[in-house]
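Reviewing the structure listed below.
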Amino acid sequence: MPARVIYWFRTDLRLHDSPALKAALDLDPEALYPVWTWDPHYVYHAKVGPNRWQFLLDCQSAVSEGLSQINPESRLIVLRESPLTILPKLFKAWRISHLVFEKDTDSYARKRDDEILAKAGEAGVECIVKYGRTLWDSDEIVGINNGPTMTTMQLQKAGQKLGPPPRPIPTPSSIPPPGDLSLKDVAQDQPGPEYFSADQNQSNRTAEDSTYHSGLRGPEGDFSVPTMEELRMSATTPHRGGEKIALEILDRIVRDKEYTATFSKPDTAPTAFEPASTCLLSPHMHFGSISCRKFYWDVLDVVNEWEKSGKKATEPPCSLTGQLFFRDMYFAAQAGVGTYFGQTLHNPKVRYIPWHLPSKHQPNPDDILKSLSIKGTYHVDSKEAEEWFIKWREGRTGFPWIDAIMVQLKTEGWIHHLARHAVACFLTRGGCYIDWERGAEVFEEWLLDHEISCNAGNWQWLSCTAFFSQYMRIYSPIAFPQKTDKEGKYVRHYIPQLKDFPEKYIYEPWKCPIADQRAAGCIIGKDYPKPMFDWKERKEACIRGMKAAFEAGYHGSDVEVVKGNARDVLQEKFKDNIESFADATSNPGASERKGKDDFESRPTTSKSSKMPAKRGSGQVTLDTMFARKKAKPEDECNDI
DNA sequence: ATAGAGTTGCTCGC
DNA sequence: GCGAGCAACTCTAT
């Protein structure tokens, strides 16, 4: 019996180097249905901003065109229904013998795919699943490494045992047509109310999403790729998706042999834009519009040639191939840790820190609102932390370097890796002391290249909760960008209010004399906000907090954390240490500290930060904070 | 056991 | 521009 195959596209929107697609074609099928299922989980429950939606639709359209170029009868068949319900119906309607797809090790995907495999089994449909998203099969890496890979060395060693990643498979020269596309007796199952009521992307829509309203086949009845209009979204990014664009970028990179062979990630400038200092292939890697193995081998061929001519090439982890190893490391870390990889709670690899604004993953819902307020320590009121978080998200912190990055992230969906470091460090251990999961959620929504494994892993890295632990190394929002952009071109581009600001004060505009502010047409506190806190003061407080949490040594799967006691235990256990530490360090810098007028509204008085903390006295609670706010309204007017 | 390395810190002094 | 010092964590190789 000739095979009749559904090729299910998910993380692999390309035709070159697709091991799963090759496996489907190797069946020599009489019919091949290239299918995309419109998963309501992704439409409503995953955070996906307009820019990433556009990129996905670009990639789908490109695959569809690519298929049609190989065989005019072929194209991407988009079915507007959950795979869990539509695929079993298709098995019958199209008399399917095989279901083929690329392996996905994300936790939601694993669960979904297990269900699909079971349903296919019931229907007598044979399934073929091939890894193709990473250099090596992440599950095999985990097996060889005896657990999740937490260093690139572990990844590379395990990879060595598996042998070099396979060379890329060429784009197929022929593809069978799909068979009969009629859907007799197949009715559309629309998403239930539980999806609409929990729409994570509502704020990005101008009206209710309508992608399901026109039935299984879409408005033209032709299974076409949905549009941004149907999603009720509009994108702002200049970066566009699709296999052709991705291959052109890679080709341009490897044609520049010196750039390719001597690439050193830490030396690339996060302040560079138009063009950026790195390749911008990460969104394509996310959607599969470029194969990471093609990237790997195209680069390695250039490197080998470069070295053959006696010239020195860079090596992992800094080189381009090293970047791919990090990606595989995070994938294998997630594959090994499992469902809880993206959170602290229940995650044995992630260190517990009593962050402000704990994420939604807490043992008791009340814990999310819980705040500690010991004066002179890293603790602040949760209301204040909430304000910091909102300002960070919206790019209104008053630190131009941080704000410019957040503006670029929101509008363009891509920022340089080191820019991600800067804002992630600032939000967590290097400023706000806010839960990394809160920041990761913002990245999840706005990044074109959002990959749960890499995003969560990098947030763990930057917050010093896993992968990396040197919490003394904190990025300065002033000194760091000056290394590559003394003039502040980047800041001037993304924060136009500051475009004529004096170079001397571009990263700390609150220090600029008022006459110069007027001359630059930007009054700090009016046209651009004052800094939301004294960064050096916050940095020191964060280090004290990290030190205490590291001494406690809790991790996400420890019983105290799972039971929800860790925060209280830690507070009790380290209250004395923290305060004595504060005693010893709070005075030296006091004389250099600027007056309170230089900063945005501060619920705690400036006096309190200069004075050594006295045990058990003068705690700032919600009530006293609001009392102060009421009593001193002028403090609230700093940014007017 | 101990030393050294680890993708990318900052400040200061030369 | 470079190196030392800051004060410090974790894993790996020996």
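For clarity, every value in this text was computed on a predicted model and none was experimentally measured. Each chain gets a letter, A, B and so on, in the order its sequence line appears, and its residues count up from 1.
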Report summary line: Contacts of H417(A) meeting ring pair (Phe, Tyr, Trp, His ring centres under 6.0 Å) (sequence neighbours excluded), chain-then-number -> H421(A)
Report task. List in chain and number order the residues that pass ring pair (Phe, Tyr, Trp, His ring centres under 6.0 Å) with F443(A), two or more places apart in sequence or in another chain; answer none if no residue qualifies. Result -> W459(A)
Query raised in the report: Does E394(A) have any salt bridge (Lys or Arg N to Asp or Glu O under 4.0 Å) partners at least two apart in sequence or in another chain, and if so, which?
Result: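 If we apply the salt bridge (Lys or Arg N to Asp or Glu O under 4.0 Å) test to E394(A), skipping adjacent residues, the hits are R396(A).
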**Report entry** side-chain hydrogen bond (donor to acceptor under 3.5 Å, both in side chains) partners of R420(A), counting only residues at least two apart
**Finding:**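 Only D449(A) meet the side-chain hydrogen bond (donor to acceptor under 3.5 Å, both in side chains) criterion with R420(A).
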Separation of [N] [atom2] from [X] [atom1] (nearest whole Å):
X       : N      : atom1 : atom2 : value
E540(A) : dA7(C) : CD    : C1'   : 13 Å
H416(A) : dT7(B) : NE2   : P     : 17 Å
Q323(A) : dT8(B) : CD    : P     : 12 Å
R473(A) : dG6(B) : CZ    : C1'   : 8 Å
I415(A) : dT8(B) : CD1   : P     : 19 Å
F326(A) : dT7(B) : CZ    : P     : 5 Å
I474(A) : dC6(C) : CD1   : C1'   : 13 Å
H421(A) : dG6(B) : NE2   : C1'   : 14 Å

Report summary line: A correct 5'-to-3' footprint of nucleotides 9-14 of chain C, with B, S and - meaning base, sugar-phosphate only and no protein heavy atom under 4.0 Å, is BS-SS-
Report task. Could you name each residue pair satisfying salt bridge (Lys or Arg N to Asp or Glu O under 4.0 Å) that touches residues 398-409 of chain A, not counting sequence neighbours? Result -> none
Query raised in the report: What pairs of residues pass the salt bridge (Lys or Arg N to Asp or Glu O under 4.0 Å) test when at least one of them lies in residues 253-279 of chain A, not counting sequence neighbours?
Result: D251(A)-R255(A)
Query raised in the report: Which pairs with one or both residues in residues 300-311 of chain A pass side chain to side chain donor-acceptor pair (under 3.5 Å), sequence neighbours excluded?
Result: R167(A)-D301(A)
Query raised in the report: Contact class for L418(A) (heavy atom, under 4.0 Å): base, sugar-phosphate, or nothing?
Result: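 Since a base atom lies under 4.0 Å of L418(A), the category is base.
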Rounded distance in Å between the [atom1] positions of [N] and [M]:
N       : M      : atom1 : answer
dA8(C)  : dG6(B) : C1'   : 13 Å
dA13(C) : dT7(B) : P     : 13 Å
dA5(B)  : dA4(C) : P     : 14 Å

Query raised in the report: T152(A) side chain N/O closer than 4.0 Å to the phosphate oxygens (OP1, OP2) of dT7(B)?
Result: yes
Query raised in the report: Is K483(A) near enough to dC10(B) that one of its side-chain N or O atoms lies under 4.0 angstrom from OP1 or OP2?
Result: yes
Requested in this report: Report yes if the side chains of Y490(A) and P481(A) come closer than 4.5 Å at any heavy-atom pair, otherwise no.
Outcome: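 The answer is no, as the side chains (C-beta and beyond) never meet within the 4.5 Å cut-off.
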Query raised in the report: Is there a side-chain contact between T278(A) and W414(A) (heavy atoms, below 4.5 Å)?
Result: yes
Could you tabulate the donor-acceptor pairs under 3.5 Å formed by side-chain atoms of residues 329-346 of chain A, not counting sequence neighbours?
from: Y330(A); atom 1: OH; to: N458(A); atom 2: OD1; distance (Å): 2.8
from: Q334(A); atom 1: NE2; to: D106(A); atom 2: OD1; distance (Å): 2.9
from: Q343(A); atom 1: OE1; to: H361(A); atom 2: NE2; distance (Å): 3.3
from: Q343(A); atom 1: NE2; to: L345(A); atom 2: O; distance (Å): 2.9
from: T344(A); atom 1: OG1; to: W436(A); atom 2: NE1; distance (Å): 3.3

Requested in this report: Might you work through the side-chain contact (heavy atoms from CB on, under 4.5 Å) test for F399(A) and W392(A), ending with a clear yes or no?
Outcome: CA-CA 10 Å; F399(A) 295 92; W392(A) 175 84; over 6 Å; no
Query raised in the report: Looking at residues 262-283 of chain A, who's got a heavy atom less than 4.0 Å off DNA chain C?
Result: none
Report task. From the options H284(A), H450(A), H239(A), select the one residue that forms a ring pair (Phe, Tyr, Trp, His ring centres under 6.0 Å) with F55(A). Result ->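 Single pass found, and it is H284(A).
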Report summary line: Applying the Watson-Crick and G-U criteria (both distances under 3.5 angstrom) with [ ] for crossing and | for other-strand pairs, one obtains for DNA chain C ||||||..||||||
With 3.5 Å as the limit, what N/O pairs link the protein to nucleotides 11-14 of chain B?
none

Report task. Start with the C-alpha gap between R293(A) and L135(A), add the side-chain angles, then the distance that decides, and say whether side-chain contact (heavy atoms from CB on, under 4.5 Å) holds. Result -> CA-CA 6 Å; R293(A) 287 169 309 281; L135(A) 297 175; 4.1 Å; yes
Query raised in the report: If you check the M472(A) side chain, which of dA8(C), dC10(B), dT7(B) turns out closest?
Result: dA8(C)
Query - W136(A) and F325(A) aromatic ring geometry - parallel, tilted or perpendicular at 30°/60° bounds - result: parallel
**Report entry** Flag, side chain of R438(A) to backbone of H356(A), donor-acceptor distance under 3.5 Å
**Finding:** no
